[in-house]
Amino acid sequence: MEKKDIDWGSLGFGYVQTDKSYVSNFKDGKWDDGVLTPDHTITMSECACVLHYSQSCFEGLKAYTTEDGHIVTFRPDLNAERMMDTCKRLEMAVFPKERFIQAVVDVVKANTAWVPPYGSGATLYIRPFMFGSNSVIGVKPADEYQFRILTTPVGPYFKGGAKPIYIRVSDFDRAAPHGTGHIKAGLNYAMSLHAIVDAHQKGFDENMYLDPATRTKVEETGGANMIFIQGNKFITPKSNSILPSVTRRSLEVVAKDYLGMEVEEREVYLDELSSFDECGLCGTAAVISPVGKINDHGKDICFPSGMEEMGPKTKKLYDTLTGIQMGRIEAPEGWIKVIE
Ligand SMILES: *Cc1c(COP(=O)(O)O)cnc(C)c1O
C-alpha cells in the first residue's frame, strides 16, 4: 500500500485519524464477530456506565517497519493478557487473547499506509480500549461493552536525542496497596492529571510516586516503570501496585541475556537512590527516558550520568531493545509478531 505523504520525522505524539479502527461489541453475554470500520466516532447513551462510573481500560503498543521492510508489533500477547487481567479486576467482559492479537494484526494491515517507514523514528501507535457502554444508573458493572482499537502515527519520542529529565517525588499517591495500580484502568490516569499539571507548573517533567502506606519506597511514575543502574546491576522496584510494563519486563531479559547484567526486582527505598549510577523511565512510548535528577522536597538527587545524555548502561539497554524491535538484533523467541 502506498504510504501517506507525511513528514514522519516531524510528527508529534498526537492523534491523527487513520483509515480504519477495529470494533467489537459485547451483548447478551457474548462478543460479536468484530469489524474494521471507517467510523472514528462513538455514539452511546448519556447514561453509559463509562461516563459515570469510569468503567474503562486501555492498552498501548506499536507497529514498526523493520530494517528489512516488514511491519511488526512487539509482544502483543502480553498486552492481550494484561487487558484480560484488567477487565477481570474491573468486572468487565474479557476479550479473548487470540482475538485481541488477530484484531491488532487486522487493524494494522488495514492501515499500512500509515505505518511510518524504517529509519524515520516514527511508529504507528496502537490503542486497544474497552468501556461499559449500556445505561447503568445504580452502581454496578455494565452488561454491554465495546472493544475498539484505534491506530495513530506518532513521531520520534526524542527529537534531537534523548535529554535526561528532571522528576520530583510526588506528595500525591498513584495507587493504594490493594487498589488498581497493577491494571491499566483509565481511572488511574484521571487522578494523575492534577499531579502532572502541578508538576509541570513547578518545573518538573514527571511525578515519581512512593508507596502510599510507608512513603519510603519507590513505585513508578504516572505512565512508566522505573529502572536503576548500579555498577553491573539492573534494579527495578517490586510492588503489587505497579503496572507490569511490557517494556520493563523486556528490559530485564535484555539486561540479563544480552548485556550480562545482574537483574534485581526488589523493593527500592527512596533513601538508597543516591547510591545509583543511572535512572530511567520505561514504557512503550519512549522505550526509556533517562532521568538525570530527582527532586525530593527541595533536595536534588543527582545521578552521575548527569543532565546532558543517557547514562552508558541505559544507552546500551535502549539500543539493544530498539535494535530488537526494529529487526537489527535477533529477538528472543516469540517477541516479534510479523504482520506483513
Ligand atoms: C502503560 C503503563 C506503563 C508502561 O507499560 P508498557 O507496557 O511498557 O507500555 C507503565 N506504568 C503505567 C502506570 C502504565 O499505565
Side-chain angles (χ1 to χ4, degrees), residues 13 54 56-64 73-87 89-90 97 100-101 104 123-130 149 151-152 154 157 165 167 170 172-177 179-196 199 205-212 217-228 234 236-255 265 268 279-291 314 317-318 320-322 324-325 335-337:
F13 200 90
S54 298
S56 78
C57 64
F58 69 99
E59 274 300 325
L61 65 164
K62 286 170 167 178
Y64 318 84
T73 58
F74 184 70
R75 311 189 78 181
D77 52 320
L78 298 190
N79 297 95
E81 286 168 6
R82 194 168 64 187
M83 191 172 217
M84 294 171 79
D85 292 342
T86 299
C87 289
R89 178 65 175 79
L90 294 178
K97 177 174 164 182
F100 179 105
I101 296 169
V104 166
T123 54
L124 186 73
Y125 187 73
I126 305 166
R127 167 56 61 86
F129 60 107
M130 195 195 295
I149 307 179
T151 61
T152 191
V154 294
Y157 199 85
I165 58 171
I167 67 177
S170 177
F172 299 104
D173 293 325
R174 192 190 86 86
T180 55
H182 60 300
I183 58 166
K184 219 166 170 75
L187 56 90
N188 290 342
Y189 280 76
M191 63 85 235
S192 75
L193 299 176
H194 174 62
I196 192 71
D205 297 301
E206 259 292 353
N207 288 294
M208 183 179 86
Y209 294 101
L210 301 179
D211 73 299
K217 290 176 276 188
V218 174
E219 293 262 311
E220 62 173 321
T221 65
N225 282 183
M226 302 206 59
I227 59 170
F228 300 97
F234 173 104
T236 188
K238 186 184 177 82
S239 154
N240 291 335
S241 45
I242 288 177
L243 196 279
S245 157
V246 173
T247 314
R248 187 258 302 160
R249 285 182 278 166
S250 304
L251 285 169
E252 288 178 29
V253 176
V254 168
E265 193 177 330
V268 173
C279 173
L281 309 183
C282 59
T284 295
V287 183
I288 307 178
S289 299
V291 174
T314 306
L317 288 160
Y318 178 86
T320 309
L321 184 54
T322 52
I324 289 169
Q325 291 171 333
W335 278 21
I336 302 295
K337 172 87 186 163

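We count ligands from 1, going down the list as the structure has it; atoms in each ligand are counted the same way.
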Within the 4.5 Å heavy-atom criterion, are [X] and [Y] side-chain neighbours or not?
| X | Y | value |
| --- | --- | --- |
| Glu206 | Val291 | no |
| Asn225 | Ile227 | no |
| Glu252 | Phe234 | yes |

Q: Run down the list Leu281, Val246, Val287, Leu243 and name the one with the heavy atom closest to atom 7 (O) of ligand 1.
A: Val246
Closest protein heavy atom to [atom], given as residue, atom name and distance to 0.1 Å:
| atom | answer |
| --- | --- |
| atom 11 (N) of ligand 1 | Glu220 OE1, 2.7 Å |
| atom 3 (C) of ligand 1 | Gly223 O, 3.3 Å |
| atom 9 (O) of ligand 1 | Thr284 OG1, 2.6 Å |
| atom 2 (C) of ligand 1 | Lys184 NZ, 2.6 Å |
| atom 15 (O) of ligand 1 | Tyr189 OH, 2.5 Å |

**Q.** Residue Lys217 excluded, over 12 heavy atoms near NZ under 6.0 Å
**A.**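 Yes, the 6.0 Å shell around NZ holds more than 12 heavy atoms from other groups.
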Does ligand 1 have an atom that lies less than 4.0 angstrom from a heavy atom of [X]?
| X | value |
| --- | --- |
| Arg174 | yes |
| Arg82 | yes |
| Gly222 | yes |

Q) If you take all heavy atoms of Tyr209 and Phe172, which pair is closest and at what distance? A) CD2-O, 3.2 Å
Q) Would you say the side-chain atoms of Thr180 and Asn188 include a donor-acceptor pair closer than 3.5 Å? A) yes
Q. Does Thr247, backbone or side chain, put an N or O under 3.5 Å from an N or O of ligand 1?
A. yes
(Q) Counting only nitrogen or oxygen atoms and a 3.5 angstrom limit, does Asn79 reach ligand 1? (A) no
Q) What part of Ala224 sits under 4.0 Å from ligand 1 if we count only heavy atoms: the side chain, the backbone, both or neither? A) backbone
Q | Atoms of ligand 1, numbered as shown, that sit under 4.0 Å from any heavy atom of Gly283 | A |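 Numbered from 1, ligand 1 contributes 4 (C), 8 (O), 9 (O).
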**Q.** Those atoms of ligand 1 less than 4.0 Å from some heavy atom in Asn225
**A.**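 So the atoms of ligand 1 that pass are 10 (C), 11 (N).
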**Q.** Among Arg174, Glu219, His182, side-chain hydrogen bond (donor to acceptor under 3.5 Å, both in side chains) partner for Ser241
**A.** Glu219
Q.
Using a strict threshold of under 4.0 Å (side-chain N to carboxylate O), is an ion pair present between Glu265 and Arg248?
A.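 Between Glu265 and Arg248 there is a salt bridge, with a charged N closer than 4.0 Å to a carboxylate O.
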Q) Can a salt bridge be assigned to the pair Lys184 and Glu59 using a cut-off of 4.0 Å between side-chain N and carboxylate O? A) no
